[in-house]
Undergrad: 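Sending over a structure as structure tokens; questions will come in a sec.
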Amino acid sequence: MTSIRPTAVAGRFYPDNPGELQAAVVNYLSEAVSKMPARPWLPKAIIVPHAGYVYSAPVAAPAYDALRDVSDRIRRVILLGPNHRVPLSKIAAPSVDSFATPTGEIPLDRNAIDDLLNFAEVEINDEAHAKEHALEVHLPFLNEVLHDYSLVPLVVGTVSLETVAEILKRLWGSDETLIVISTDLSHYQNYEQAHRLDLQTAEAIEALQPQAISQGGACGRLPVGGLLKLAGELGLRIERLDLRNSGDTAGPRDRVVGYGSWVLG
């Protein structure tokens with residue numbers, strides 16, 4: 001019998017009605033089209049935020065829109081994000097066969113996940129996935145822009161950047177594999193402070209310098225840092241697509257959360 005992780009934040013972070021959800025995602029993507037500059041290289045990885053859609057989806061959408069030129073060849077998505085819900089000292093993989101979304105189930109690449117268990121820093125931990133929003137909010141966007149793909153979802157605990165980079169290297173694959181890293185930026189600063197801190201983090205990301213990302217600069221600094229470390233080794237290019245905060249999108253400006261999106265290739 002197939003085992004499925006049910007949705008945890010549908011109806012709160014994004015619509016739980018399939019038609020309403022798809023319409024919202026399509027709208028965010030259509031608004032992102034005009035922001036996309038042409039580039040002579042194709043995306044291999046994206047960095048995207050993970051808050052409620054009203055706050056962060058306008059910032060995430062340009063990264064997903066950037067995948068349209070490669071969507072036909074992508075057959076596997078490696079999705080990493082930070083842990084928000086339970087104490088976690090390793091990288092948590094799920095035991096299930098698929099993840100549910102309002103717009104359809106996504107099968108997991110069980111062979112790849114089982115292979116990762118050869119790493120001492122990777123464990124099966126369904127509790128870490130059960131309520132975690134940092135991965136789930138990306139699935140409706142992936143369902144909209146991709147066609148036939150499997151998923152390797154990993155929640156990253158307090159491991160080293162080197163560990164994350166090694167895991168990504170094992171999963172890197174070729175043109176058929178997309179890397180998605182989920183992170184928000186600064187949390188609960190006023191608008192001016194957040195703008196300054198997020199710009200510093202953005203500059204560190206764009207310089208491929210993970211060690212320059214402060215503890216409070218990005219909640220997903222470990223998965224981001226692992227990607228940046230590997231990107232530096234492989235000579236990848238990076239482009240910023242958007243950098244805003246919740247005060248720019250849908251919230252007050254006295255206590256904001258920062259968001260950015262990038263594409264690497």
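Along the sequence shown, residues are numbered consecutively beginning with 1. Note that the structure is predicted; figures quoted are calculated from it, not measured.
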Undergrad: Does the side chain of Glu123 come within less than 4.5 Å of Leu88's, by heavy atoms?
TA: yes
Undergrad: Can you find a pair of side-chain heavy atoms, one from Ile167 and one from Leu116, that are under 4.5 Å apart?
TA: yes
Undergrad: Tell me whether Val77 shares a hydrophobic cluster with Trp262, the cluster being built from Ile, Leu, Val, Met, Phe, Trp, Tyr side chains joined at under 4.5 Å.
TA: yes
Undergrad: Heavy-atom count around Gln215 CD within 6.0 Å, excluding the residue itself: above 12?
TA: no
Undergrad: Arg76 side chain to Asp109 main-chain N or O, any donor-acceptor pair under 3.5 Å?
TA: no
Undergrad: For a side-chain contact (heavy atoms from CB on, under 4.5 Å) check, start with the C-alpha distance between Ile179 and Ile78, then their side-chain angles and the critical distance, and finish with the verdict.
TA: CA-CA 5 Å; Ile179 310 297; Ile78 313 302; 3.7 Å; yes
Undergrad: Are Phe99 and Glu136 packed together at the side-chain level, in the sense that at least one heavy-atom pair is separated by less than 4.5 angstrom?
TA: no
Undergrad: Can a donor-acceptor pair be found, under 3.5 Å and without considering hydrogens, that links the side chain of Glu121 to the backbone of Thr163?
TA: no
Undergrad: Taking all non-hydrogen atoms of both residues, which atom of Leu168 and which atom of Gly226 are closest, and how far apart?
TA: CD1-C, 4.0 Å
Undergrad: Between the side chain of Tyr53 and the main-chain N/O of Val137, is any donor-acceptor distance below 3.5 Å?
TA: yes
Undergrad: Donor-acceptor pair, distance only, cut-off 3.5 Å: does the side chain of Asp184 make one with the backbone of Cys219?
TA: no
Undergrad: Applying side-chain contact (heavy atoms from CB on, under 4.5 Å), run through Leu197 and Gln189 and close with a yes or a no.
TA: CA-CA 9 Å; Leu197 290 171; Gln189 307 288 334; 3.8 Å; yes
Undergrad: Side chain to side chain donor-acceptor pair (under 3.5 Å), that's the test. Do Asp248 and Tyr191 meet it? Break it down for me.
TA: CA-CA 9 Å; Asp248 296 310; Tyr191 185 88; 2.5 Å; yes
Undergrad: Given side chains that start at C-beta, do those of His50 and Ser182 come closer than 4.5 Å, heavy atoms only?
TA: yes
Undergrad: Can any side-chain N or O of Arg240 pair as donor or acceptor with the backbone N or O of Ile205 at less than 3.5 Å?
TA: no
Undergrad: Verify, without hydrogens or angle tests, whether Glu176 (side chain) and Ser174 (backbone) share a donor-acceptor contact under 3.5 angstrom.
TA: yes
Undergrad: Is there a donor-acceptor pair closer than 3.5 Å between any side-chain N or O of Glu132 and the backbone N or O of Ala134?
TA: yes
Undergrad: Are Leu151 and Leu139 close enough, and set up right, to give a side-chain contact (heavy atoms from CB on, under 4.5 Å), and what steps lead you there?
TA: CA-CA 10 Å; Leu151 184 69; Leu139 304 183; 3.8 Å; yes
Undergrad: Taking atom CG of Leu135 and atom CG of Asn83, what is their separation to the nearest 0.5 Å?
TA: 10.0 Å
Undergrad: Mark yes when over 12 heavy atoms from residues, nucleotides or ligands other than Gln22 sit less than 6.0 Å from its CD; otherwise mark no.
TA: no
Undergrad: Ignoring hydrogens and angles, tell me if any N or O in the side chain of His84 forms a donor-acceptor pair with the backbone of His133 under 3.5 Å.
TA: no
Undergrad: Identify the heavy atoms of Ser150 and Leu108 that sit nearest to each other, and give their distance.
TA: CB-C, 4.3 Å
Undergrad: Of the options Leu161, Ile213, Val156, which is the one that meets Val224 in a side chain to side chain contact (heavy atoms under 4.5 Å, CB included)?
TA: Ile213
Undergrad: Mind checking whether Leu228 and Val48 sit in one hydrophobic cluster, side chains of I, L, V, M, F, W, Y counted as touching below 4.5 Å?
TA: yes
Undergrad: Taking the side chain as everything from C-beta on, heavy atoms only, tell me whether Ile47 gets closer than 4.5 Å to Leu264.
TA: yes
Undergrad: Rounded to the nearest 0.5 Å, what separation is found between the CG atom of Leu142 and the NE2 atom of His147?
TA: 12.0 Å
Undergrad: Between the side chains of Asp198 and Ser186, is a donor N or O closer than 3.5 angstrom to an acceptor N or O?
TA: yes
Undergrad: Would you give the length of the straight line joining atom CG of Leu227 to atom CD1 of Ile181, rounded to the nearest 0.5 angstrom?
TA: 5.0 Å
Undergrad: Any idea which heavy atoms bring Ile124 and Arg110 closest together, and the distance?
TA: CD1-NH2, 4.0 Å
Undergrad: Between atom OG1 of Thr249 and atom OH of Tyr259, what is the distance when rounded to the nearest 0.5 Å?
TA: 5.5 Å
Undergrad: Less than 4.5 Å apart, any side-chain heavy atom of Pro58 and any of Arg244?
TA: yes
Undergrad: Between Asp16 and Thr7, do the side chains contain an N or O donor and an N or O acceptor separated by less than 3.5 Å?
TA: no
Undergrad: Indicate if Phe119 and Trp172 have the same hydrophobic cluster label, given that clusters are the connected sets of ILVMFWY residues with side-chain heavy-atom separations under 4.5 angstrom.
TA: yes
Undergrad: Would you check if the side chain of Asp126 reaches a backbone N or O of Pro94 as a donor-acceptor pair within less than 3.5 Å?
TA: no
Undergrad: Indicate yes or no: at least one non-hydrogen side-chain atom of Glu144 is less than 4.5 angstrom from one of Tyr64.
TA: no
Undergrad: Can Thr103 and Leu21 be said to form a side-chain contact (heavy atoms from CB on, under 4.5 Å), step by step?
TA: CA-CA 8 Å; Thr103 54; Leu21 174 57; 3.9 Å; yes
Undergrad: Do you know the tightest heavy-atom contact between Leu171 and Ala112?
TA: CD2-CB, 4.1 Å
Undergrad: Do Leu199 and Leu243 come within less than 4.5 Å of each other through their side chains, counting heavy atoms only?
TA: yes
Undergrad: Which of parallel (below 30°), tilted (30 to 60°) and perpendicular (above 60°) describes Tyr28 and Phe141?
TA: tilted
Undergrad: Using a strict 4.0 Å threshold on nitrogen-to-oxygen distance, state whether Glu233 and Lys229 make a salt bridge.
TA: yes
Undergrad: Check whether Leu42 and Tyr149 end up in the same hydrophobic cluster, where Ile, Leu, Val, Met, Phe, Trp and Tyr are linked by side-chain heavy atoms less than 4.5 Å apart.
TA: yes
Undergrad: When rounded to the nearest 0.5 angstrom, what distance separates CD1 in Ile46 from CG in Leu67?
TA: 5.0 Å
Undergrad: Are a donor atom and an acceptor atom from the side chains of Asn245 and His195 found within less than 3.5 Å of each other?
TA: no
Undergrad: For residues Leu146 and Val26: do they belong to one hydrophobic cluster (side chain heavy atoms under 4.5 Å, members Ile, Leu, Val, Met, Phe, Trp, Tyr)?
TA: no
Undergrad: Heavy atoms only: give me the nearest Leu178-Lys44 pair and the separation to one decimal.
TA: CD1-O, 3.5 Å
Undergrad: Roughly how far, to the nearest 0.5 Å, is CD of Glu105 from CD1 of Ile4?
TA: 3.5 Å
Undergrad: Determine whether a donor-acceptor pair (N or O, by modelled atom type, separation under 3.5 Å) exists between the side chain of Asp114 and the backbone of Asn111.
TA: no
Undergrad: What's the shortest heavy-atom distance between Leu222 and Thr158, and which atoms?
TA: CD1-CA, 4.1 Å
